[in-house]
Amino acid sequence: MRFVNPIPFVTDIARSKAFYGELLGLGIVHDFGNFVLFDTGFAIHDGKSLERTIWKKSDETSEPYGRGNILLYFEHEDVDAAFEAIAPHVDLIHPVERQEWGQRVFRFYDPDGHAVEIGELQLDLAAD
């Protein structure tokens with residue numbers, strides 16, 4: 001057995017596809033309409049569709065899927081450039097900060113309220 005990837009539920013697949021594809025710069029490998037797989041292995045799925053697939057019903061509440069219980073983690077070769085490009089378009093949790101383990105990261109929410117972290121490449125930590 002091997003772990004493949006998390007698949008966050010999203011309320012608006014087109015909005016989330018644009019958010020991750022255009023704003024974060026992830027390339028789309030497969031777009032099946034209600035499911036999108038990006039070149040990093042990250043994927044998103046239309047929440048209502050996935051609810052019907054898994055639980056055979058769809059919750060009609062309008063609560064956001066992101067509930068502060070998972071962090072979607074990405075790395076970038078230039079975390080400062082990523083911050084400058086992304087920060088004006090998101091609900092920021094905090095700007096670039098050095099973490100106690102030495103890595104510089106920033107965090108924000110995606111359109112569904114999922115917490116997202118972008119950190120500098122782990123390889124760069126050895127050089128600091």
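Numbers here are sequence positions counted from 1.
Connection of Phe19 to Val10 is established within a shared hydrophobic cluster, with ILVMFWY side chains joined at heavy-atom distances below 4.5 Å, either directly or through further cluster members. Hydrophobic cluster membership is shared by Phe83 and Leu26, with clusters built from Ile, Leu, Val, Met, Phe, Trp and Tyr side chains linked at under 4.5 angstrom. Linking Ile, Leu, Val, Met, Phe, Trp and Tyr residues whenever their side-chain heavy atoms come within less than 4.5 Å places Trp55 and Leu50 in a single cluster. Leu24 is connected to Leu92 through a chain of hydrophobic side-chain contacts under 4.5 Å among Ile, Leu, Val, Met, Phe, Trp and Tyr, so both are in one cluster. Linking ILVMFWY residues whenever their side-chain heavy atoms come closer than 4.5 Å, directly or via other members, places Leu23 and Phe74 in the same cluster.
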Handout entry: Criterion ring-ring contact (aromatic ring centres under 6.0 Å, His included) on Phe32 and His30, from CA distance to verdict
Key = CA-CA 6 Å; Phe32 298 103; His30 296 289; 5.4 Å; yes
Practice task
Evaluate the criterion side-chain contact (heavy atoms from CB on, under 4.5 Å) for residue pair Val90 and Val116; output intermediate values, then yes/no.
Solution key: CA-CA 10 Å; Val90 297; Val116 179; over 6 Å; no
Practice task
List the steps and the verdict of side-chain contact (heavy atoms from CB on, under 4.5 Å) for Phe38 and Ile28.
Solution key: CA-CA 4 Å; Phe38 296 94; Ile28 296 172; 3.7 Å; yes
Exercise for the section: Give the intermediate values and the outcome of side-chain contact (heavy atoms from CB on, under 4.5 Å) for residues Glu120 and Arg98. Expected result: CA-CA 10 Å; Glu120 63 189 349; Arg98 186 167 302 278; 3.9 Å; yes
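Every residue two or more places apart in sequence or in another chain was checked for a salt bridge (Lys or Arg N to Asp or Glu O under 4.0 Å) with Asp46, and none qualifies.
Interatomic distance, CG of Asp78 versus CD of Glu84, reported as 9.5 Å (0.5 Å rounding). In this structure, Arg67 CZ and His114 NE2 are separated by 9.0 Å, a value rounded to the nearest 0.5 Å. In this structure, Leu72 CG and Asp110 CG are separated by 6.5 Å, a value rounded to the nearest 0.5 Å. Atoms CZ and NE2, on Phe106 and His94 in that order, are 9.5 Å from each other to the nearest 0.5 Å. Interatomic distance, NE2 of His45 versus OH of Tyr65, reported as 10.5 Å (0.5 Å rounding). Interatomic distance, Asp80 CG to Arg104 CZ, rounded to the nearest 0.5 Å: 4.0 Å.
When all heavy atoms of Asn34 and Ile13 are compared, the closest pair comes out as O-CD1, 3.8 Å. Pairing each heavy atom of Phe9 with each of Ile54, the nearest pair is CZ-CD1, 4.1 Å. The two residues Ala43 and Leu37 have their closest heavy-atom pair at CB-CD1, 4.0 Å.
A 6.0 Å sphere centred on OH of Tyr109 holds no more than 12 heavy atoms belonging to other residues, nucleotides or ligands.
Asp112 places a side-chain N or O within donor-acceptor distance of the main-chain N or O of Thr11, the cut-off being under 3.5 Å.
Counting only N and O atoms by type, the side chains of Trp101 and Gln103 include a donor and acceptor under 3.5 Å apart.
Among Tyr73, Tyr20, Phe35, the one residue that satisfies the ring-ring contact (aromatic ring centres under 6.0 Å, His included) test with Phe42 is Tyr20.
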